[in-house]
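Here the structure comes first, spelled out in structure tokens, and everything after it is commentary.
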Amino acid sequence: MNKKLLIVGNWKMHLNVHQSSLLVHRLQERIAVHHDVEVVLAPSMLALQPISMQIDRRYFRLCAQDAYYKDEGGYTGEVSFAMLGDLVHYAIVGHSSRRIYFGETLDIVRDKVQAAVRNEITPIICVGETRQERDAGEEKQVLHDQVTTALMNLTGKDIENVVIAYEPVWAISAFNGTIAKPEDAQKMIAYIRKQVSDLYGKRAAESMSILYGGSVNEHDVRSYLSLPEVDGVLVGAASLNYHQFSEIVKVAHQLQTERK
Ligand code: 13P
């Protein structure tokens, strides 16, 4: 059987609680339950709790955009993965906006991945090179370092519940990104899978879901999802628009139906 396609909407720092609830309402009207597609929403930390009571879990799973790696303590302003355990299925870890604006180092990302796994939350680990790194021909080295440190100390069993998202920083809309060619995404995701294979074996690498993210919209999503290496998409701006996001889910389902 084909892997489920994973469609994740990262709302970033957009939408207050009321607006978030309205968006969920609209999405629930438009998105049908598909067993071959998993739809995941990542609203703000503030909206997670009310949305968890609103959503129909047959349609959506919830995702945190970030959390702190300690389970509890005197860390003013932080929320831990331990606190999110009952609320979310997934958590984004190491998004480029965390790495770039909030100084998240490779070691911090590694600690967050471990905290997520420890608390039975599936981390969606974001990796990707900047424009400068790409221009300098360093993209593979950057991905190698990001992937190997993020997965450090995880067991073969832990790795079954880890997702990686390749998001080249130069393709993200919030960084004025340009659209990546599908063949670029394919090449780099194949490279990431090779890293996982070197660390945990071919089987683990093949069963891991690896997503693409960067200016994905309802028009170009098919070109990414059709790639053999791509198991889903991490969508930013287009996930805030219910027409666009529900269309993206529809395309994913159509593709899965065509593959049967
Ligand atoms: P955009 O789809 O807006 O480029 O955002 C991608 C992203 O950063 C998702 O995490």
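Each ligand, and each atom within it, is numbered from 1 in the order the structure gives.
Nearest protein heavy-atom contact of atom 5 (O) of ligand 1 is K12 NZ, 3.1 Å. Here the heavy atom of the protein found nearest to atom 3 (O) of ligand 1 is S173 OG, 2.4 Å. Shortest contact from atom 2 (O) of ligand 1 to any protein heavy atom: G236 N, 2.9 Å. In terms of protein heavy-atom proximity, atom 6 (C) of ligand 1 is nearest to E167 OE2, 3.5 Å.
In the hydrophobic clustering of this structure, V163 does not group with V37; members are Ile, Leu, Val, Met, Phe, Trp, Tyr whose side-chain heavy atoms approach within less than 4.5 Å, directly or through other members. One hydrophobic cluster holds both V251 and Y242 under the rule that ILVMFWY side chains link at heavy-atom gaps under 4.5 Å. Under a hydrophobic-cluster definition in which Ile, Leu, Val, Met, Phe, Trp and Tyr are linked whenever side-chain heavy atoms come within less than 4.5 Å, directly or via other members, I7 and V216 are assigned to the same cluster.
Below 4.0 Å from some heavy atom of G214 lie the following atoms of ligand 1, by number and element: 4 (O). Numbered from 1 in the order shown, with element, the atoms of ligand 1 that lie under 4.0 Å from a heavy atom of A237 read 1 (P), 2 (O), 3 (O). The N10 neighbourhood of ligand 1 comprises atoms 9 (C), 10 (O), with distances under 4.0 Å to a heavy atom of that residue. Distances below 4.0 Å separate heavy atoms of S215 from the following atoms of ligand 1: 1 (P), 2 (O), 4 (O).
Inter-residue side-chain proximity for Y166 and V230 is flagged as unmet; no heavy-atom pair is nearer than 4.5 Å.
For the salt bridge (Lys or Arg N to Asp or Glu O under 4.0 Å) test, no residue two or more places apart in sequence or in another chain qualifies with E78.
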Residues 107-117, side-chain donor-acceptor partners within the protein, below 3.5 Å, at least two apart:
from, atom 1, to, atom 2, distance (Å)
K112, NZ, D66, OD1, 2.8
K112, NZ, D66, OD2, 3.3
K112, NZ, A67, O, 3.2
K112, NZ, E104, OE2, 2.6
Q114, NE2, M152, O, 2.7

